[in-house]
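First the structure, in the form of structure tokens, and then the observations on it.
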Amino acid sequence: MKVHITDDFDLKKIQDSGQCFRVRETGNGIWRFIHLDRILYISRTGESEYEVSAGEDEWREIWQPYFDLDRSYESIRQAIPEEDAFLKRASEYGKGIRILKQDPWEMLVTFIISQRKNIPAISKSVELLCERFGRRADTEEELFFFPDSEEMSGADEEALRECKLGYRAPYVLDAVNKVRSGEIDLCKLNEYDDRKLFEALKTINGVGDKVANCICLFAYGRTALVPVDTWIARVIETEYNGQSPFDRYGGAGGILQQWAFYYARETG
DNA sequence: TATCAGGGCCTAG
DNA sequence: CTAGGCCCTGAT
């Protein structure tokens, strides 16, 4: 099926934006995305035209929200004043990135794993986790879904360490326990305001400010929240004299953060 | 081969 | 509030 996307949209930049770790280019300009047990193949076929493997209903109900397509990123870019030269530059450089609305459980586990790792190492661990605990997809290529909390409930620390989780293994076990017991209801958390959501996530072992903000932004679409990692901390220090510029942009701070992160990481 | 840093967080003091 | 320690991997 063909779809039209007129707003900023760049598959390669989305893949490299550091919020998703299982997106692959399968060749010939076709990108593969996985959300829960859905797989999407998508390629650009014209100025604002894309070929997608999904039907109309699935596109509208699953992938349109997934890519946050009801929001105009172009107008967010244009609202940045010229005086804010760095963010102006970063937003143009990162034009095409979207904040993906991904599965909360997957984001919780993935960003617990992410601490003190680089992106290739995160991808490796996530892939091992999928192969070991996830369900195999009914596809020609060997492909595994991200394991849900039930599928991971049989995991012990040793098995997780074999997935290269290191000292994070007990953290992930705590996440499994809290979700399986109902102490944390990832679906219910959606009803909380930003602050409550953030605090609830932090009750899980291994979830600090940075990881909690990532989950809020990349799973719950809380675009006002700004994860501060080493790259963003560096930007705030060197470009803004230690004064974070992101709060000035209210509800869009998290989106600007993503442009800044991408720009800083890609250009050194 | 050795060294360093990596999308941090927890615990002690 | 601040300093170590942590388990490894990827990069140089």
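Quick note on labels: first sequence line is chain A, next is B, and so on, each numbered from 1. What you are looking at is a predicted structure, and each value in this text was computed from that prediction instead of being measured.
If you take CD1 of A/Ile232 and P of B/dG6, they are 14 Å apart, rounded to a whole angstrom. The CG-C1' distance, from A/Asp209 to B/dG8, rounds to 10 Å in whole Å. The CG atom of A/Asn213 sits 14 Å away from the C1' atom of B/dC9 (whole-angstrom rounding). Remark: P of B/dG8 and CG of A/Leu201 are 18 Å apart, rounded to the nearest angstrom. Across the protein-nucleic acid pair, A/Lys202 atom NZ and B/dG8 atom P stand 15 Å apart, rounded to whole Å. Straight-line distance from the CG atom of A/Leu108 to the P atom of B/dC9: 12 Å, rounded to whole Å. Here B/dC10 presents its C1' atom at 17 Å from NZ of A/Lys210, a figure rounded to the nearest Å.
When each of A/Phe218 and A/Val207 is assigned the nucleotide of DNA chain B with its nearest heavy atom, A/Phe218 is the one assigned upstream, toward the 5' end. Each of A/Phe21 and A/Tyr171 lies near DNA chain B, and the nucleotide nearest A/Phe21 is the one positioned closer to the 5' end.
Side-chain atoms of A/Tyr249 and A/Asp84 include a donor-acceptor pair closer than 3.5 Å. Side-chain contact of A/Glu141 with A/Thr139: a donor-acceptor pair under 3.5 Å is absent, judged by distance alone.
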Stepwise salt bridge (charged side-chain N to carboxylate O under 4.0 Å, His left out) test for A/Asp68 and A/Arg71: CA-CA 6 Å; A/Asp68 195 22; A/Arg71 189 198 313 267; 2.7 Å; yes

Chi angles and distances behind the salt bridge (charged side-chain N to carboxylate O under 4.0 Å, His left out) call for A/Arg44, A/Glu49: CA-CA 6 Å; A/Arg44 185 159 183 247; A/Glu49 187 189 75; over 6 Å; no

Residues 128-137 of chain A, side-chain donor-acceptor partners within the protein, below 3.5 Å, at least two apart:
residue, atom, partner, partner atom, Å
A/Arg132, NH1, A/Glu162, OE1, 2.5
A/Arg132, NH2, A/Glu162, OE1, 3.4

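Under 4.0 angstrom from either OP1 or OP2 of B/dC9 there lies no side-chain N or O belonging to A/Asn205. One finds a side-chain N or O of A/Arg234 lying less than 4.0 angstrom from the OP1 or OP2 phosphate oxygen of B/dG6.
Ring centroids of A/Phe111 and A/Phe21 are separated by less than 6.0 Å, placing the two rings close together.
Counted within 6.0 Å of NZ on A/Lys188, heavy atoms from surrounding residues, nucleotides or ligands total 12 or fewer; the atom is thus considered open. Heavy atoms of other residues, nucleotides or ligands lying less than 6.0 angstrom from NZ of A/Lys124 number 12 at most.
Between B/dA2 and C/dC7, the distance separating the two P atoms is 22 Å to the nearest Å. Spacing between B/dC4 and C/dG5 at atom P, rounded to whole Å, works out to 15 Å.
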B/S/- contact track for nucleotides 7-12 of chain C, protein heavy atom under 4.0 Å: B-SS--

Base-pair map of DNA chain C as dot-bracket, where | denotes pairing with a different strand and pairs are Watson-Crick or G-U under 3.5 Å: ||||||.|||||

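Base engagement by A/Gln258 is indicated by at least one non-hydrogen atom pair under 4.0 Å involving a base atom. Across all strands, A/Ser17 comes closer than 4.0 Å to base atoms (heavy-atom distances).
Under the 30°/60° scheme for interplanar angles, the aromatic rings of A/Phe86 and A/Tyr263 are found to stand perpendicular.
Between A/Phe9 and the options A/Tyr73, A/Trp31, A/Tyr50, A/Trp63, a ring-ring contact (aromatic ring centres under 6.0 Å, His included) holds for only A/Tyr50.
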